[in-house]
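Residue numbers count from 1 along this sequence. Quick caveat, the model's predicted, so the values are computed rather than measured. We count ligands from 1, going down the list as the structure has it; atoms in each ligand are counted the same way.
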Amino acid sequence: MSTHNVWTHKGTFLLAAVGSAVGLGNLWRFPYLTGENGGGAFILVYALTIFAVGIPILIAETMLGRASRRSPIMGMRFLARTHKTSRAWESIGWLGGASAFLILSFYSVIAGWAIHYTWQMFTGSLVGADAQTVSDGFDALLASPALLTLYHTLFIIASGLIVGLGIHKGIESSLRILMPALFLILLGVLAYGFVNGDFAAAASFLFTFNLAELSLEGWLQAMGQSFFTLSLGMGAIMAYGAYMSDQASLTRTAFAVAFVDTAVAMVAGLAIFSLVFGAGLDAGSGPGLMFISLPLAFAEMPFGALIGGVFFILVLGAAISSSISLIEPVAAFLVERFDLTRPQAVFGMVLASWALGLLTVSSFNIWAETGLFHDLFGRSAFDFIELLTNIFMPLGGMLIALFAGWALTHSEVMKEMRTSETWFQVWRFLVRFVAPAAVAFVFLRTLPQVHGYLIPAIGALVIVGAFAAGRTFLVEKSQEQ
Ligand code: PFF
């Protein structure tokens with residue numbers, strides 16, 4: 001028997017999963033990716049991917065968590081044993097843990113920028129500033145390792161404290177306050193954008209699509225984004241799923257998470273583009289959209305400093321409710337495996353991730369153009385770590401889909417899903433074939449980005465790994481019969 005406990009309420013998993021899903025991915029990444037990829041066409045592909053790949057994997061990942069009632073690594077070890085499959089499937093847990101650790105390291109640095117902007121807004125430092133001043137201000141922030149480290153440290157400590165308090169007193173209680181507050185703020189900012197910005201231009205930018213604008217690259221980015229935004233393949237959802245009530249419906253919950261997550265991305269996009277277009281700025285300003293264009297728009301608008309400050313609190317809150325879900329899978333593993341206390345486990349995870357985050361900090365200044373990572377991989381440490389997670393995430397998602405689709409039995413899945421045979425068949429077809437094929441496609445396209453000898457090395461490793469896992473899986477399966 002596992003020692004895992006369960007969320008206080010039937011609906012808490014939904015709250016926690018939405019908290020994990022809604023984050024920088026919705027508020028920062030989604031609007032700029034949409035801006036770069038021509039608006040509506042990107043959103044169409046994004047929505048299709050969420051439906052055909054995201055939701056089925058979300059169901060699968062939650063199911064593996066709930067069926068094992070353990071942290072992702074121990075859970076996969078348990079499921080591999082009870083299903084007489086190869087122990088190599090445990091790699092799902094390891095891959096997830098590694099990705100969670102890597103993502104937290106840079107997520108915390110970027111979320112830290114929002115602390116800086118919250119401060120700048122509330123103190124009114126940017127009121128009436130011109131484009132050059134705002135953009136120089138952002139450059140100055142990135143050029144300062146000390147400031148970036150300070151914010152990164154503050155953010156990661158706050159996240160660690162919440163998880164350290166435990167799933168009930170820490171995670172549940174904070175989410176119960178944080179999430180409703182975030183939705184209110186988001187609606188407030190939308191209303192503000194509607195009144196002060198150019199809402200019509202934002203809506204037509206986001207919702208009119210021109211298929212000619214749909215590049216293959218945009219298609220791939222939409223797919224990557226749908227994984228990132230739903231927190232898939234990282235053990236976060238599996239760890240939260242382990243605490244999910246048996247009474248909660250997997251399908252309904254997964255649809256609800258995907259719906260809320262997508263709605264938040266759209267509303268954030270509408271609000272941000274209304275303000276940016278209203279200030280006469282351009283949509284395609286890349287990652288600087290949130291930290292240059294938006295502060296500039298606030299700088300010119302009535303009550304801009306106040307609303308801007310509240311907006312950056314929204315960014316911070318959304319980021320924290322996601323970062324705690326990155327700490328949980330690793331911390332839960334350390335507690336289960338090494339009998340650490342929760343605070344010890346959280347401290348270990350957070351400290352290591354914080355230290356790695358210093359590499360991301362340095363990627364914006366001292367090692368922006370030079371240094372070991374540039375010599376070895378032709379890119380900064382931040383870009384390299386992000387690229388690694390872009391490989392791990394889809395890979396983890398694909399393995400989750402394969403395991404849930406092929407190793408779990410019909411009756412087991414039906415017991416978890418409690419659904420109609422038709423939906424079961426649709427789901428199983430999606431996780432068996434559609435999701436893995438889609439992910440393999442993205443994955444093969446990501447690989448060539450990796451510099452030099454790493455391409456064949458990682459490629460070979462993956463092929464050998466997949467082959468070994470598949471072979472042992474099949475051999476052990478057939479011995480079972
Ligand atoms: N889903 C989060 C976002 O959109 O910002 C990011 C994230 C959180 C990814 C947790 C992965 C994860 F496990």
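Using cut-offs of 30° and 60° for the angle between ring planes, the Trp7 and Tyr240 rings count as perpendicular. In this structure, Phe138 and Phe291 have parallel ring planes: the angle between them is below the 30° cut-off, well short of the 60° mark.
The closest approach between a heavy atom of Tyr107 and any atom of ligand 1 is below 4.0 Å. Using a 4.0 angstrom heavy-atom cutoff, Ala100 does not count as in contact with ligand 1.
Below 4.0 Å from some heavy atom of Leu24 lie the following atoms of ligand 1, by number and element: 5 (O). Set against the non-hydrogen atoms of Thr229, the atoms of ligand 1 under 4.0 Å away are 1 (N), 4 (O). Within ligand 1, the atoms closer than 4.0 Å to a non-hydrogen atom of Ser325 are 10 (C), numbered from 1 in the order shown.
Looking at His83 and Glu412, their side chains do bring a donor and an acceptor atom within 3.5 Å of each other. Residues His168 and Thr8 bring a donor and an acceptor atom of their side chains to less than 3.5 Å of each other.
Of the polar atoms of Leu326, none of the N or O atoms is found under 3.5 Å from an N or O of ligand 1, judged by distance alone. At under 3.5 Å, not a single nitrogen or oxygen of Ser322, backbone or side chain, sits near a nitrogen or oxygen of ligand 1. Distances between N or O atoms of Met234 and those of ligand 1 include no value under 3.5 Å. Any N or O atom pair closer than 3.5 Å counts here, and Ala236 shares no such pair with ligand 1. Checked against a 3.5 angstrom limit, the closest N/O atoms of Val22 and ligand 1 fall outside it.
Formation of a donor-acceptor pair under 3.5 Å by the Ser231 side chain with backbone atoms of Ser325 is not found in this model.
The ring of Phe277 has its center closer than 6.0 angstrom to the ring center of Phe273.
Closest to atom 9 (C) of ligand 1 among all protein heavy atoms lies Phe228 O, 3.5 Å. Among all non-hydrogen protein atoms, the one lying nearest atom 2 (C) of ligand 1 is Ser20 O, 3.3 Å. When only non-hydrogen protein atoms are considered, atom 7 (C) of ligand 1 lies nearest to Ser231 OG, 3.7 Å. For atom 4 (O) of ligand 1, the closest non-hydrogen atom of the protein is Ala21 O, 3.0 Å.
Within 6.0 Å of CZ in Phe347 there are 12 or fewer heavy atoms belonging to other residues, nucleotides or ligands.
Within the 4.5 Å cutoff, the side chain of Val53 has no heavy atoms near those of the Leu232 side chain.
Interatomic distance, Leu316 CG to Ile115 CD1, rounded to the nearest 0.5 Å: 5.5 Å.
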